[in-house]
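First up is the structure itself, then whatever we jot down about it.
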Amino acid sequence: MKKMTGILAAGAIALAAFAPVEADACSRVLYQGNDSLYVVARSLDWKTPIPTNIYVYPRGMQKQSSNLSNPIRWTSKYGAVYAVSYDGGITEGMNEKGLVVNGLFCKGTIYNAADTNAKYTMSLAVFVAWLLDLNSTVDEVKAALTDPQFDIQGATFDGGTVSALHWGVTDASGKSIIFEFDHGKINIYDMGDYRAMTNDPQWPKMTAIIDYWEKIGGMHFMPGTVTSPDRCVRANYFAHHVEATGETDLGVSIARSILLNSSVPYTYQIEGSPELSSTQWRSYSDLRDRRYYFELVTNPGYYYVDLNKIDLRKGAPVLKLDTSKTSDLVGCANQRLYKTPPFTPMY
């Protein structure tokens, strides 16, 4: 496959990926409630604030995967809400069918194989959109990734650091997968009853760590550092030992409390490690009620976009929420969305 190409502004896609492994500390957890309530909570960690705005796209939009000569072209089947970093690349999102996709740093990622020529090129800037626009379930995502026939087009920075990501996907039924790139191959793992993911190591080794601590018993002793395995163990344990509710607000609050326990405190530093990341923002995707919550850690509250109350029909406008102007916003944010041109992907 071709070598990674394109020039992205730092953070446009990687968000949590543009750093040495010690610097990144993103977490993702699935809360399983009652009455089909599932909430996916994730934190985005970086050493400086990352401008991330919210966009809502309707159905029926024509898109392409790259600015090179061999893009995949598609027309969106589903409307979706995206978190867009630097107004140039999609970090994560949820579509109107309750499918959520989140990208987290994983240093073991190697996207392309040097000796293979792919038919298409896929930019990380729109990869999440491609998945959310065309799929409604985890099984459909798995089918789309079985023989993708594309190279990854992404960014390097700081003398060659790669935007190395792996992804968590959950649908409205609560079914979840993690998928990871390995030299052109996509390894897909059914999460089963595991309910958390973080960064390194890659998923098979991470499950071994979780299983080890499960045998020790989390009620009396759990790992407590900000390292990726420790955060994953804590999040997975608490996700299995909190109350299950079918009430939306309470369920989101419980998911938020689990994630807070696995976040890195804002401005936290370790002497001699100036690159250490702390949590910049968090999101909570309510897959049953189609609400996407967003929380800047410097804001006094958090808010949500309700996809059930937005016109997602073909021809409806693209909408945007500028998160830099939300310090006074709590609760439903639909009224603060405004019409906007589509964001310009940083291929």
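Excluded from the calculations below are hydrogen atoms, water molecules and symmetry mates; all remaining heavy atoms, backbone and side chain alike, are included. Start at 1 with the first residue, then count along the sequence.
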Whether [X] and [Y] hold their rings parallel, tilted or perpendicular, with breakpoints at 30° and 60°:
X: Trp130; Y: Phe150; value: perpendicular
X: Tyr302; Y: Tyr293; value: tilted
X: His241; Y: Tyr237; value: parallel
X: Trp281; Y: Phe294; value: tilted
X: Tyr194; Y: Trp203; value: perpendicular

Between [X] and [Y]: side-chain donor-acceptor atoms closer than 3.5 Å:
X: Asn261; Y: Arg234; value: yes
X: His240; Y: Asp193; value: yes
X: Glu295; Y: Tyr303; value: no
X: Tyr266; Y: Thr298; value: no
X: Arg28; Y: Thr198; value: no
X: Ser262; Y: Ser27; value: no
X: Gln62; Y: Thr75; value: no
X: Asp171; Y: Ser173; value: yes
X: Glu247; Y: Asn34; value: no
X: Arg288; Y: Thr248; value: yes
X: Gln149; Y: Asp147; value: yes
X: Trp74; Y: Asp133; value: yes

*Within the side chain of Thr326, is there an N or O that forms a donor-acceptor pair under 3.5 Å with the backbone of Asp322?*
no
*Would you check if the side chain of Asp190 reaches a backbone N or O of Gly192 as a donor-acceptor pair within less than 3.5 Å?*
no
Give a yes or no on whether a salt bridge exists between [X] and [Y], defined as a side-chain N under 4.0 angstrom from a carboxylate O.
X: Arg231; Y: Asp45; answer: no
X: Lys205; Y: Asp200; answer: no
X: Lys320; Y: Asp87; answer: yes
X: Glu92; Y: Arg42; answer: yes
X: Arg291; Y: Asp289; answer: no

*Validation row, ring centre Trp213 to ring centre Phe221 under 6.0 Å*: yes
*Less than 6.0 Å separating the ring centroids of Tyr82 and Tyr55?*
no
*For Tyr338, does the OH atom sit with more than 12 other heavy atoms under 6.0 Å from it, leaving out its own atoms?*
yes
